Amino acid sequence: MIILFKIKTKSFSSKATLLCKFVVMKQTLGKQERLKSKTLIGKLYKEGNSVKSFPLRLVYVQTEHTSQYPAQVGVSVPKRNFKKAVDRNRLKRLLRETYRKQKQLVYSTIDKPYVYMISYIGKEELTYAEIEVKMEKLLTAFVAQIKN
RNA sequence: UUAGCAGAUCUAUCUUAUCGCCACGCCUUUUGGCGUGGAGGAAAGUCCGGACACCAAAGAGUAGCAUAGCGGAUAACGUCCGUCCAAUGUAAAUUGAGGACCAGUGCAACAGAAAGCAAGUACAGUUCGGCUGUAGUGAAACCAGGUAAACUCUAUGCGGUGCAAUGCCACGUAUAUUAGAGAUUGAGAACUACUCGUUCGAUUCUAAGGGGUGGGCAGAUUGAUUCUAAGAGUAAUUUUAGAACUAGAUAAAUGAUAAGAUUCUGGUAACAGAAAACAGGAUUCGGCUUAUUGAUCUGCUUUAUUU
């Protein structure tokens with residue numbers, strides 16, 4: 001399977017041609033779309049810029065990655081704010097869910113591959129509805145910053 | 001029925017719809033479709049004991065650590081079961097740091113002359129020697145006793161490091177430079193701390209400074225496994241037979257929304273609110289400890305009440 005993917009990525013030389021296919025797409029969030037590579041994460045925190053919309057923070061960098069999707073996303077909740085693993089898992093799930101619902105905002109505008117990490121910097125747990133609103137604000141701010 | 005004691009089990013939602021996550025299988029040949037499965041009793045603390053892996057004979061001694069009535073269970077244990085003793089409780093039960101102060105050393109509040117190394121009150125006896133007895137203090141008064149959650153001694157056990165182990169594949173690099181040490185008369189390294197002993201050892205070791213990698217596969221989930229039945233045993237446990245396969249992620253999978261059911265709370269009602277506490281697998285088992293919601297069931301004890 002992995003070998004197959006490599007062949008595919010090599011065969012499509014330009015990613016820009018691919019992007020048109022994603023304009024109308026499903027609201028999935030599979031493994032390919034998530035940020036997993038340690039080297040990329042290292043690069044992200046070294047060179048990335050950030051956008052804030054309390055209690056969320058998005059660190060991004062424009063770079064090539066192995067996925068076929070326009071962007072790879074990672075989610076993090078710091079251990080020092082939430083000591084219990086249950087709380088961290090819960091917040092991560094909510095972040096992923098809200099991002100999944102609204103990623104069209106980003107995909108419809110960007111034309112280069114991006115990598116970013118969404119962190120939860122607040123210290124208190126919010127509900128799904130609240131996080132959904134914050135995520136929308138964050139993503140619109142991100143899009144606006146990229147355009148300029 | 002109330003109160004108490006001991007133990008076991010479950011852990012909270014269920015249904016439907018829409019969107020979505022992880023693993024596996026099948027079908028398709030694409031940005032899929034279908035099916036099956038998908039966190040806990042503590043997954044936690046990492047406190048004990050194993051399996052497994054590596055450490056060049058995984059050497060010897062000392063030190064160190066652990067355990068401590070007796071018998072048994074077990075892969076093993078500091079765990080579990082039975083039992084004796086002690087303490088507590090009316091009782092069911094609970095708790096126990098329950099080997100040894102006839103090896104040595106230390107310690108002992110108050111009282112007391114004295115709880116050792118130095119003394120000594122009163123009375124009586126007397127072989128006139130502070131020799132003997134009695135009294136007084138105290139739990140204990142002289143060659144005695146208490147104390148080992150005091151050193152210590154005895155018996156038994158313990159090699160070390162941990163899946164970031166370890167093996168393989170791929171990618172990449174620097175044997176740069178500077179300072180110091182060192183060449184078989186041995187720098188340094190390997191076998192926890194020390195000593196001995198053994199072995200390795202020059203493209204070496206230490207410090208500064210800098211560079212690269214951090215991708216994948218195996219290990220990894222079929223196991224001291226779970227369930228049922230019949231025996232053995234007071235029990236922990238075990239034997240035989242049959243059946244079952246029950247998470248395998250890796251920046252780390254179980255979620256979101258809506259409607260209904262059910263339960264609970266508030267309210268005369270319409271209706272409104274809530275869905276539980278502690279908490280999320282990370283090589284894996286047996287325990288222990290700690291956190292904690294709401295139940296259900298079983299056995300037992302004493303007192304009171306009712307029939």
Side-chain angles (χ1 to χ4, degrees), chain A residues 1-53 55-140 142:
Chain A
M1 280 301 287
I2 295 138
I3 301 161
L4 274 175
F5 273 126
K6 280 187 178 174
I7 293 164
K8 278 177 192 168
T9 47
K10 280 177 187 172
S11 63
F12 296 115
S13 54
S14 160
K15 280 194 175 166
T17 53
L18 279 172
L19 290 179
C20 58
K21 292 184 180 175
F22 290 105
V23 173
V24 180
M25 69 173 305
K26 298 197 172 181
Q27 297 179 325
T28 58
L29 189 68
K31 262 189 173 177
Q32 284 281 309
E33 256 178 299
R34 288 194 231 142
L35 182 55
K36 296 199 175 231
S37 153
K38 282 189 177 176
T39 39
L40 276 180
I41 293 167
K43 191 178 178 185
L44 181 64
Y45 280 112
K46 212 174 176 182
E47 307 174 6
N49 302 312
S50 70
V51 185
K52 273 189 195 175
S53 162
L56 303 178
R57 173 160 161 268
L58 187 147
V59 182
Y60 68 92
V61 69
Q62 192 266 306
T63 178
E64 290 288 329
H65 51 75
T66 53
S67 166
Q68 304 169 53
Y69 291 84
Q72 279 193 324
V73 65
V75 157
S76 81
V77 178
K79 203 171 187 176
R80 65 189 137 93
N81 291 352
F82 295 92
K83 282 188 176 178
K84 291 173 190 167
V86 173
D87 297 336
R88 290 198 301 275
N89 277 347
R90 164 99 191 140
L91 280 171
K92 279 183 184 176
R93 283 169 185 159
L94 289 180
L95 288 180
R96 269 204 297 274
E97 181 71 9
T98 50
Y99 172 78
R100 181 176 73 79
K101 287 270 174 75
Q102 302 184 50
K103 67 176 182 178
Q104 286 299 317
L105 276 175
V106 180
Y107 280 19
S108 57
T109 51
I110 61 174
D111 52 358
K112 288 177 185 172
Y114 273 88
V115 159
Y116 44 80
M117 176 77 79
I118 299 172
S119 310
Y120 193 93
I121 36 179
K123 289 187 179 175
E124 289 177 13
E125 219 173 316
L126 299 181
T127 62
Y128 173 79
E130 288 170 315
I131 291 179
E132 196 171 24
V133 173
K134 300 287 183 189
M135 180 64 77
E136 194 182 351
K137 278 188 186 172
L138 181 73
L139 292 182
T140 46
F142 170 57

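From a predicted model like this one, the values you see are computed outputs, not experimental measurements. Proteins get letters first, then strands, A, B, ... in listed order; numbering begins at 1 in each.
The glycosidic torsion of B/G41 lies within 90° of 0, placing the base in the syn range. A syn orientation is assigned to B/A39, its glycosidic angle lying within 90° of 0. More than 90° away from 0 lies the glycosidic angle of B/U298, which makes this nucleotide anti. Taking the O4'-C1'-N9-C4 or O4'-C1'-N1-C2 dihedral as appropriate, B/U228 has a value more than 90° from 0 and is therefore anti.
For the C1' atom pair drawn from B/U9 and B/U222, the interatomic distance equals 28 Å after rounding to whole Å. The gap from the C1' atom of B/A93 to that of B/G7 amounts to 13 Å, rounded to the nearest Å. When the C1' atom is compared between B/U225 and B/U1, the two are found 46 Å apart, to the nearest whole Å. B/U83 and B/U147: their C1' atoms are spaced 30 Å apart (whole Å). Nucleotides B/U298 and B/G233, compared at atom P, are 30 Å apart to the nearest Å. Across the P atoms, B/U226 and B/C194 are found 46 Å apart, a figure rounded to whole Å. The separation of B/U94 from B/C10, taken at their C1' atoms, amounts to 28 Å, rounded to a whole angstrom. For the C1' atom pair drawn from B/A91 and B/A6, the interatomic distance equals 13 Å after rounding to whole Å.
Partners of A/Val61 by side chain to side chain contact (heavy atoms under 4.5 Å, CB included), not counting sequence neighbours, listed by chain and number: A/Leu44, A/Glu47, A/Thr63, A/Val115. Listed by chain and number, the residues in a side chain to side chain contact (heavy atoms under 4.5 Å, CB included) with A/Ser50 are A/Arg57, A/Val59 (sequence neighbours excluded).
The base of B/G255 lies close enough to the side chain of A/Glu97 for a donor and an acceptor atom to sit less than 3.5 Å apart. For A/Arg100 against B/C19, a side-chain N or O and a base N or O form a donor-acceptor pair under 3.5 Å.
Scanning residues 82-90 of chain A for heavy-atom distances under 4.0 Å to RNA chain B yields A/Lys84, A/Ala85, A/Val86, A/Asn89, A/Arg90.
Nucleotide B/U152 forms a pair with B/A100, judged by Watson-Crick or G-U wobble geometry with both contacts under 3.5 Å. Nucleotide B/G211 forms no Watson-Crick or G-U wobble pair with any nucleotide shown, as no partner meets the under 3.5 Å limit on both distances. Nucleotide B/U15 forms a Watson-Crick or G-U wobble pair with B/A259, both donor-acceptor distances falling under 3.5 Å. With a cut-off of 3.5 Å on both pairing distances, the Watson-Crick or G-U wobble partner of B/U225 is B/A244. Pair check for B/A3 finds B/U301; Watson-Crick or G-U wobble, both atom distances under 3.5 Å. Under the Watson-Crick and G-U wobble criteria, each requiring two contacts below 3.5 Å, nucleotide B/C107 is paired to B/G146. Base pairing analysis places B/G89 opposite nothing; no Watson-Crick or G-U wobble pair with both distances below 3.5 Å involves it. Across all strands shown, the partner of B/G59 is B/C196, judged by Watson-Crick or G-U wobble contacts whose two distances both fall under 3.5 Å.
Ring pair A/Tyr114/A/Tyr60 is tilted by interplanar angle, where 30° to 60° counts as tilted.
Residues A/Leu56 and A/Ile121 have side chains not in contact (no heavy-atom distance under 4.5 Å, counting atoms from C-beta outward). Side-chain contact between A/Met135 and A/Leu95: present, with at least one pair of heavy atoms (C-beta onward) separated by less than 4.5 Å. Annotation: side chain of A/Asp87 is not in contact with side chain of A/Val77 (no heavy-atom distance under 4.5 Å).
Taking side-chain N and O atoms only, A/Arg96 has no distance below 4.0 Å to OP1 or OP2 of B/A251.
Atoms CD1 (A/Ile131) and C1' (B/G255) sit 12 Å apart, rounded to a whole Å. Between the OH atom of A/Tyr128 and the P atom of B/C19 there is a distance of 15 Å, rounded to whole Å. Going from atom NZ of A/Lys92 over to atom P of B/G280 covers 13 Å, rounded to whole Å. For A/Gln102 and B/G255, the CD to P distance is 21 Å, given to the nearest whole Å. Residue A/Arg93 contributes atom CZ, which lies 13 Å from atom P of B/C22 at whole-angstrom precision. Nucleotide B/A44 holds its P atom 12 Å from the NZ atom of A/Lys79, rounded to whole Å. For A/Gln104 and B/C19, the CD to C1' distance is 13 Å, given to the nearest whole Å.
Proximity of a side-chain donor or acceptor of A/Gln102 to a complementary backbone N or O of A/Glu132 within less than 3.5 Å is detected. For the pair A/Arg96 (side chain) and A/Val75 (backbone), a donor-acceptor distance under 3.5 Å is absent.
We find that A/Glu97 and A/Lys101 are joined by a salt bridge, their nearest charged nitrogen and carboxylate oxygen being less than 4.0 Å apart.
Mapping A/Leu94 and A/Val75 onto RNA chain B by nearest heavy atom places A/Val75 at the nucleotide closer to the 5' end.
We find the CG-OH distance between A/Leu91 and A/Tyr120 to be 5.0 Å, quoted to the nearest 0.5 Å.
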